**Q** 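First, the structure itself, so that you have it in front of you.
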Amino acid sequence: MPRRQLKVAVALATAAASLSLAVAPAHSAPVDPADPTVWTELAKTLEGTAKYQYAPSAVTDGYKPAFCATHPTLGGMGFHYINEKLYGSLDPAKPAALLYEDRANEDWMDEASDASWVDDLDAPDMSVPAVGAPSSGADSRRLVAAEWIVVDKDQNLATDDDRPSLFGLPFDGPMLGHEPGMPIHYDLHVWLWKKNPSGMFARWNPTVTCPTP
């Protein structure tokens, strides 16, 4: 097994075990999921997305590189790889989008066995992303988060009677598409592969940036 794949497998096993055994995070906020089965569901996400640590594998499976989203004060989401066939998926193992950031050191997985990122969950914010064009260098990107996207049924920003939920949390939205052709939608982010100081389910991660145009 290649060194990179071995690191992914070890980190996955450690993180999944931690999630499956956890009943609630050590510093639970009021908006944290109350249902302990959420942690088992998150383990399914880790398992289902593990192979996409190598971004070209995501492309092979239908995830197309799209925009890189940042916020002027709250941080970034990173490079979006979107599989439109998975719009509407509420399967923890099958997110419609995968979020990546450029990495300078492939030994980053050495720190991934620390599952402390299940602590300090926070509420998602409703800010609209600033987006940039996709760039090259997919081989050097690492997976940092997963995103589920559900198309708004009536395409009306003023109504939200079809708001979905996953992991015990309601989706953000409805919101406008972030690039031409993307419909009004709801989305939910989960930062499983990189700790987010703003919370596991927050939209923005202050440690993530996009390349300067």
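Computed from a prediction, not measured in an experiment: that's the story for all the values here.
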**Q** What's the separation between atom CZ in Phe201 and atom CG in Asp172, rounded to the nearest 0.5 Å?
**A** 11.5 Å
**Q** Would you check if Val208 and Met77 make a side-chain contact, meaning some heavy-atom pair closer than 4.5 Å?
**A** no
**Q** Do Leu86 and Ile184 belong to the same hydrophobic cluster, where Ile, Leu, Val, Met, Phe, Trp and Tyr are linked whenever their side-chain heavy atoms lie under 4.5 Å apart, directly or via other members?
**A** no
**Q** Do Tyr186 and Asp160 have side-chain N/O donor and acceptor atoms under 3.5 Å apart?
**A** no
**Q** Taking Asn196 for its side chain and Trp191 for its backbone only, find out whether a donor-acceptor pair lies under 3.5 Å.
**A** no
**Q** Would you indicate whether the side-chain heavy atoms of Val59 and Pro65 approach each other to under 4.5 Å?
**A** yes
**Q** Just do the side-chain contact (heavy atoms from CB on, under 4.5 Å) check on Leu143 and Gln53 with the steps written out, would you?
**A** CA-CA 5 Å; Leu143 182 63; Gln53 287 294 336; 3.9 Å; yes
**Q** Ignoring hydrogens and geometry, is there a side-chain-to-backbone donor-acceptor pair from Arg142 to Glu101 under 3.5 Å?
**A** no
**Q** How far apart are the closest heavy atoms of Gly75 and Trp204, and which atoms are they?
**A** O-CE3, 3.7 Å
**Q** Is there a donor-acceptor pair closer than 3.5 Å between any side-chain N or O of Arg163 and the backbone N or O of Gly173?
**A** yes
**Q** Taking all non-hydrogen atoms of both residues, which atom of Thr45 and which atom of Pro92 are closest, and how far apart?
**A** OG1-O, 2.7 Å
**Q** Quick check for you: to the nearest 0.5 Å, what is the distance between Ile149 atom CD1 and Met182 atom CE?
**A** 4.0 Å
**Q** Under the side-chain contact (heavy atoms from CB on, under 4.5 Å) criterion, do Arg141 and Tyr81 qualify, and how do the steps go?
**A** CA-CA 11 Å; Arg141 292 176 186 162; Tyr81 284 50; 2.7 Å; yes
**Q** Rounded at 0.5 Å granularity, tell me how far CG in Asn156 sits from CG in Asp161.
**A** 9.5 Å
**Q** Would you say Leu74 and Ser198 make side-chain contact, with heavy atoms under 4.5 Å?
**A** no
**Q** Looking only at heavy atoms, what is the nearest atom pair of Asn83 and Asp61, with distance?
**A** ND2-O, 3.4 Å
**Q** If you count the non-hydrogen atoms of other residues, nucleotides and ligands that lie under 6.0 Å from CD in Glu84, is the total more than 12?
**A** no
**Q** Rounded at 0.5 Å granularity, tell me how far OG in Ser165 sits from CG in Leu90.
**A** 7.5 Å
**Q** Should Glu47 and Lys44 count as an ion pair when the cut-off is N to O under 4.0 Å?
**A** no
**Q** For residues Gly168 and Val38, report the shortest heavy-atom separation together with the two atoms involved.
**A** N-CG2, 4.3 Å
**Q** Restricting to ring pair (Phe, Tyr, Trp, His ring centres under 6.0 Å), what partner residues turn up for His80, sequence neighbours left out?
**A** Phe67
**Q** Distance from Leu99 atom CG to Asn205 atom CG, nearest 0.5 Å?
**A** 10.0 Å
**Q** Using the rule given for side-chain contact (heavy atoms from CB on, under 4.5 Å), can you reason through Asp102 versus Phe79, listing the C-alpha separation, both sets of side-chain angles and the distance that settles it, and then say yes or no?
**A** CA-CA 9 Å; Asp102 289 330; Phe79 294 96; 3.7 Å; yes
**Q** Do side-chain atoms of Lys194 reach the backbone of Thr207 as a donor and acceptor pair under 3.5 angstrom?
**A** yes
**Q** Before we go on, tell me: are the rings of Phe167 and Trp148 under 6.0 Å apart, centre to centre?
**A** yes
**Q** Calculate, to the nearest 0.5 Å, the distance between atoms CG and CG belonging to Asp91 and Leu166 respectively.
**A** 8.5 Å
**Q** Before you tell me yes or no, could you show the steps for Asp187 and His178 under side-chain contact (heavy atoms from CB on, under 4.5 Å), namely the whole-Å CA-CA distance, both residues' side-chain angles and the distance that decides it to 0.1 Å?
**A** CA-CA 12 Å; Asp187 64 32; His178 308 313; 4.1 Å; yes
**Q** So which atom in Cys210 and which in Thr70 form the shortest heavy-atom distance, rounded to 0.1 Å?
**A** SG-CG2, 3.1 Å
**Q** Would a distance-only check, ignoring hydrogens and angles, find a side-chain to backbone donor-acceptor pair under 3.5 Å from Ser89 to Lys94?
**A** yes
